[in-house]
Amino acid sequence: MLDVKRIRENPDWVRQGLNARGASTDAVDTLLRLDEERRRLLTEVETLKSQRNAASKQIGELKKKGEDTTAAQAAVRDVGEQIAALDVRVRASEEETQRGLLMIPNVPHASVPVGQDDAANPVIAQEGTPREFAFEPRTHIELGEWLGLFDFKRAAKMSGAGFALFTGAGARLQRGLIQYLLDVHTRDHGYTEVWPPALVNAGAMTGTGQLPKMAEDMYRLAADELYLIPTAEVPVTNFYREETIDRALPVLLTAYTPCFRREAGAAGKETRGLIRLHQFDKVELVKFTTPETSYAELETLRADAEDILKRLGLVYRVKALCTGDLSFAAAKCYDLELWAPGHKGWLEVSSCSNFEDFQARRAGIRFRDVEGRLRFVHTLNGSGVALPRLVVAILENGQQADGSVILPPPLVPYMGGVDRLVPRA
RNA sequence: GGAGAGGUGACCGAGUGGCCGAAGGUGCAUGAUUGGAAAUCAUGUGUACCCGCAAGGGUACCGAGGGUUCGAAUCCCUCCCUCUCCGCCA
């Protein structure tokens with residue numbers, strides 16, 4: 001969330017940000033009104049509390065001297081009742097202000113291109129050129145079925161539409177990719193590996209900004225009031241929730257987790273095969289940085305994710321998300337998209353975002369700067385990368401005329417020496 | 001799941017109704033001492049919010065939330081977490 005003081009002192013900054021996102025600025029005006037009311041009540045009740053504290057102290061002293069304090073106590077009790085009544089209003093006002101704050105999205109960074117929606121996202125880089133095929137390239141679904149890598153029919157039987165069941169070499173490829181991605185990020189990019197819970201509480205979800213706004217998109221276990229994580233960003237960013245980080249910044253963490261998304265409202269979009277799933281696997285990168293370095297760190301985070309795609313020899317492009325397409329908590333974001341020749345399109349495999357102090361303020365993650373002041377860190381994260389679409393690209397790009405698939409060389413050791421996927425005999 | 005013991009500041013630890021935002025110790029910072037250090041001595045050392053141009057003042061916080069009281073770290077209730085033992089289980 002944004003700093004209420006900053007909104008108070010510079011409401012136009014927030015209004016401009018909301019405008020750029022294509023969101024209404026009414027929330028700012030409402031919030032300013034709520035904040036003013038809140039402070040008025042707070043000042044009032046604190047004055048009364050000050051009076052009560054002084055009077056109570058006096059009663060204590062009088063009692064020690066053995067004097068009668070009945071009248072004084074009655075008077076203070078009266079003040080106490082006023083305080084109790086006011087406290088109720090203060091709390092209501094604070095809750096309302098907080099609710100308002102939680103619903104206001106982050107303000108886009110000045111470098112974010114202005115635009116209405118994803119059509120306005122500029123492509124800022126492209127690596128490699130799509131391969132020319134001497135035959136009509138098959139989709140990952142055709143390839144996977146022929147090679148026995150996954151079985152959507154059986155997945156639907158046990159779980160329903162939108163779930164993947166990997167089999168044989170397909171299952172091994174999942175395991176190998178997870179290990180490969182974690183190896184590269186820990187060995188070559190300086191990240192520390194963590195293995196977090198996949199179920200988190202509402203506090204964690206609020207800390208990273210999924211709650212309260214995105215409640216509809218998540219699986220929730222009502223009996224225990226727990227949520228299935230939609231991304232490792234949630235548990236990993238909450239690693240330091242309500243803490244002052246006592247390590248030198250930046251802190252770099254990486255984690256593999258399954259990810260769970262209800263994808264409510266996604267019906268009708270690309271739902272076949274591996275492209276959009278209710279459960280998928282992902283290796284995530286998370287950074288905690290000082291405010292001064294977060295934008296430089298965003299560039300290296302993106303480079304770390306890109307490095308994976310380069311090593312695997314895949315064709316990809318980078319988009320800078322425009323103001324209108326930015327997610328709720330992000331101040332700036334890049335998307336990495338892989339070329340999928342069978343699918344004849346680009347598939348998003350990573351979003352690399354800087355949230356500035358938006359998540360840190362919600363989650364209470366701070367550090368001590370060189371002058372010893374407590375400040376909120378900046379948090380960043382990016383996929384490094386999501387597995388299913390990576391598999392789509394690997395299969396569709398590596399396919400041969402006979403339907404076999406040549407694997408990228410770095411994966412061969414992770415596949416037990418297998419360099420080409422062929423149907424099981 | 002059952003029984004018991006606990007949760008106090010960066011850390012250890014005292015504190016059973018007012019003199020407690022909290023003793024004492026450790027750590028840390030600054031100064032004195034020293035050639036330099038150790039030791040020693042002195043001083044300082046939480047966070048959030050509100051009022052104020054500022055200086056400064058106020059409120060709250062002793063796991064969380066309620067309650068009793070003129071007054072709660074201290075008493076009562078609920079919940080969470082940690083530890084020990086038992087049960088169960090991968």
Side-chain angles (χ1 to χ4, degrees), chain A residues 1-10 31-102 195-207 211 221-227 235 238-249 251 258 288 357-377:
Chain A
M1 73 190 144
L2 301 172
D3 184 358
V4 68
K5 272 186 232 166
R6 191 158 178 197
I7 299 176
R8 195 189 300 153
E9 281 156 18
N10 201 354
L31 193 84
L32 289 174
R33 221 174 36 245
L34 288 171
D35 179 52
E36 206 179 310
E37 168 82 352
R38 179 189 130 253
R39 286 183 295 142
R40 213 201 72 230
L41 289 168
L42 200 58
T43 305
E44 201 178 328
V45 76
E46 285 187 354
T47 307
L48 285 175
K49 283 180 178 175
S50 178
Q51 286 170 16
R52 179 178 67 180
N53 287 347
S56 288
K57 204 168 184 177
Q58 224 168 12
I59 290 171
E61 280 160 18
L62 289 173
K63 279 198 160 179
K64 215 180 291 176
K65 287 188 223 154
E67 291 177 33
D68 178 58
T69 56
T70 339
Q73 285 186 28
V76 180
R77 189 180 301 132
D78 208 56
V79 176
E81 276 158 22
Q82 288 180 56
I83 289 172
L86 259 178
D87 260 340
V88 171
R89 294 175 62 195
V90 169
R91 192 173 321 154
S93 173
E94 277 177 343
E95 276 168 13
E96 213 175 336
T97 308
Q98 187 71 8
R99 262 201 303 280
L101 272 175
L102 287 176
W195 196 293
L199 264 54
V200 299
N201 57 34
M205 283 294 190
T206 307
L211 284 179
L221 304 180
D224 299 288
E225 197 47 38
L226 290 169
Y227 297 81
N238 278 282
F239 190 101
Y240 286 114
R241 185 150 72 100
E242 304 300 333
E243 284 189 43
T244 300
I245 299 180
D246 59 0
R247 293 168 55 185
L249 296 180
V251 170
F288 302 87
D357 63 6
F358 191 84
Q359 292 181 326
R361 178 170 283 108
R362 285 170 165 245
I365 306 170
R366 297 185 295 178
F367 75 107
R368 224 169 259 286
D369 69 11
V370 282
E371 275 121 56
R373 285 174 308 175
L374 280 174
R375 297 168 66 193
F376 289 109
V377 299

On a whole-Å scale, what distance lies between the [atom1] atoms belonging to [N] and [M]?
N      : M      : atom1 : answer
A22(B) : C12(B) : C1'   : 16 Å
G4(B)  : C70(B) : C1'   : 38 Å
G6(B)  : A48(B) : C1'   : 28 Å
U30(B) : G13(B) : P     : 29 Å
C11(B) : C19(B) : P     : 25 Å
A38(B) : G31(B) : P     : 13 Å
U84(B) : A42(B) : C1'   : 46 Å
U47(B) : A37(B) : P     : 29 Å

Inset, instruction - Name the closest nucleotide to the Ser50(A) side chain, picking from C50(B), G71(B), G58(B). - result: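 Nucleotide nearest to Ser50(A)'s side chain: G58(B).
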Inset, instruction - Look at the side chain of Lys49(A) and decide which nucleotide, out of A60(B), C50(B), C70(B), has an atom nearest to it. - result: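 The nucleotide sitting nearest to the side chain is A60(B).
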Rounded interatomic separation in angstrom, taking [atom1] from [X] and [atom2] from [N]:
X        : N      : atom1 : atom2 : result
Leu41(A) : C50(B) : CG    : C1'   : 12 Å
Gln73(A) : U68(B) : CD    : C1'   : 14 Å
Ile7(A)  : C49(B) : CD1   : P     : 14 Å
Glu94(A) : A48(B) : CD    : P     : 16 Å
Lys5(A)  : C49(B) : NZ    : P     : 4 Å
Lys57(A) : G58(B) : NZ    : C1'   : 14 Å
Ile83(A) : G58(B) : CD1   : P     : 16 Å
Leu62(A) : C70(B) : CG    : C1'   : 11 Å

With a 4.0 Å cutoff (strictly under), does any side-chain N or O of [X] reach OP1 or OP2 of [N]?
X        : N      : value
Asn53(A) : G18(B) : no
Arg39(A) : C51(B) : yes
Arg38(A) : C50(B) : yes

Looking across every strand, which nucleic acid part, if any, lies under 4.0 Å from [X] by heavy atom: base, sugar-phosphate, or nothing?
X         : value
Leu42(A)  : sugar-phosphate
Arg91(A)  : sugar-phosphate
Asp246(A) : nothing
Arg8(A)   : sugar-phosphate

Legend entry - Heavy-atom closest contact (Asn238(A) atom, Gly207(A) atom, distance):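 Reported closest heavy-atom pair: OD1-CA, 4.2 Å.
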My understanding is that only residues two or more places apart in sequence, or in another chain, count here; which of them pass side-chain hydrogen bond (donor to acceptor under 3.5 Å, both in side chains) with [X]?
X         : result
Asp68(A)  : Thr70(A)
Glu371(A) : Arg373(A)
Arg33(A)  : none

Legend entry - Under 3.5 Å donor-acceptor, Ser93(A) side chain and Arg89(A) backbone: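 Side chain of Ser93(A) to backbone of Arg89(A): no pair is present.
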Inset, instruction - Report yes if the side chains of Leu42(A) and Glu94(A) come closer than 4.5 Å at any heavy-atom pair, otherwise no. - result: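 Counting from C-beta outward, Leu42(A) and Glu94(A) do come under 4.5 Å.
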Legend entry - Flag side-chain contact, heavy atom, 4.5 Å: Asp224(A) against Leu199(A):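 Counting from C-beta outward, Asp224(A) and Leu199(A) never come under 4.5 Å.
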Inset, instruction - Report the residue (Ile59(A) or Val45(A)) whose heavy-atom-nearest nucleotide on RNA chain B is the more 5′ of the two. - result: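 Counting from the 5' end, the first nearest nucleotide belongs to Val45(A).
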Inset, instruction - For Lys64(A) and for Val4(A), find the nucleotide of RNA chain B with the closest heavy atom, then tell me which residue's nucleotide is more 5'. - result: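 Looking at RNA chain B, the more 5' nearest nucleotide goes with Lys64(A).
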Inset, instruction - Assess whether side chain to side chain contact (heavy atoms under 4.5 Å, CB included) is satisfied between Gln82(A) and Arg52(A), documenting all intermediate values. - result: CA-CA 11 Å; Gln82(A) 288 180 56; Arg52(A) 179 178 67 180; over 6 Å; no
Contact list (N/O, under 3.5 angstrom) for nucleotides 45-47 of chain B vs protein:
| unit_1 | atom_1 | unit_2 | atom_2 | d |
| --- | --- | --- | --- | --- |
| U47(B) | O3' | Arg366(A) | NH1 | 3.2 |

Inset, instruction - Please assess Tyr240(A) against Glu242(A) for the test side chain to side chain donor-acceptor pair (under 3.5 Å), listing each intermediate value before the final yes or no. - result: CA-CA 6 Å; Tyr240(A) 286 114; Glu242(A) 304 300 333; over 6 Å; no
Inset, instruction - Report, as yes or no, whether the 6.0 Å neighbourhood of atom CZ on Arg39(A) holds more than 12 heavy atoms from other residues, nucleotides or ligands. - result: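 Buried by this count: over 12 neighbours within 6.0 Å.
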Inset, instruction - Report the secondary structure of RNA chain B in dot-bracket form, marking unpaired bases with a dot and bases paired to a different strand with |, and treating Watson-Crick or G-U pairs with both distances under 3.5 Å as paired. - result: ((((((((.[[[..)..(.....]]]((((((.......))))))((((((....)))))).[[[[[..)....]]]]])))))))....
Legend entry - All side-chain contact (heavy atoms from CB on, under 4.5 Å) counterparts of Lys57(A), not counting sequence neighbours: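 For Lys57(A), the residues satisfying side-chain contact (heavy atoms from CB on, under 4.5 Å) (neighbours in sequence not counted) are Glu61(A).
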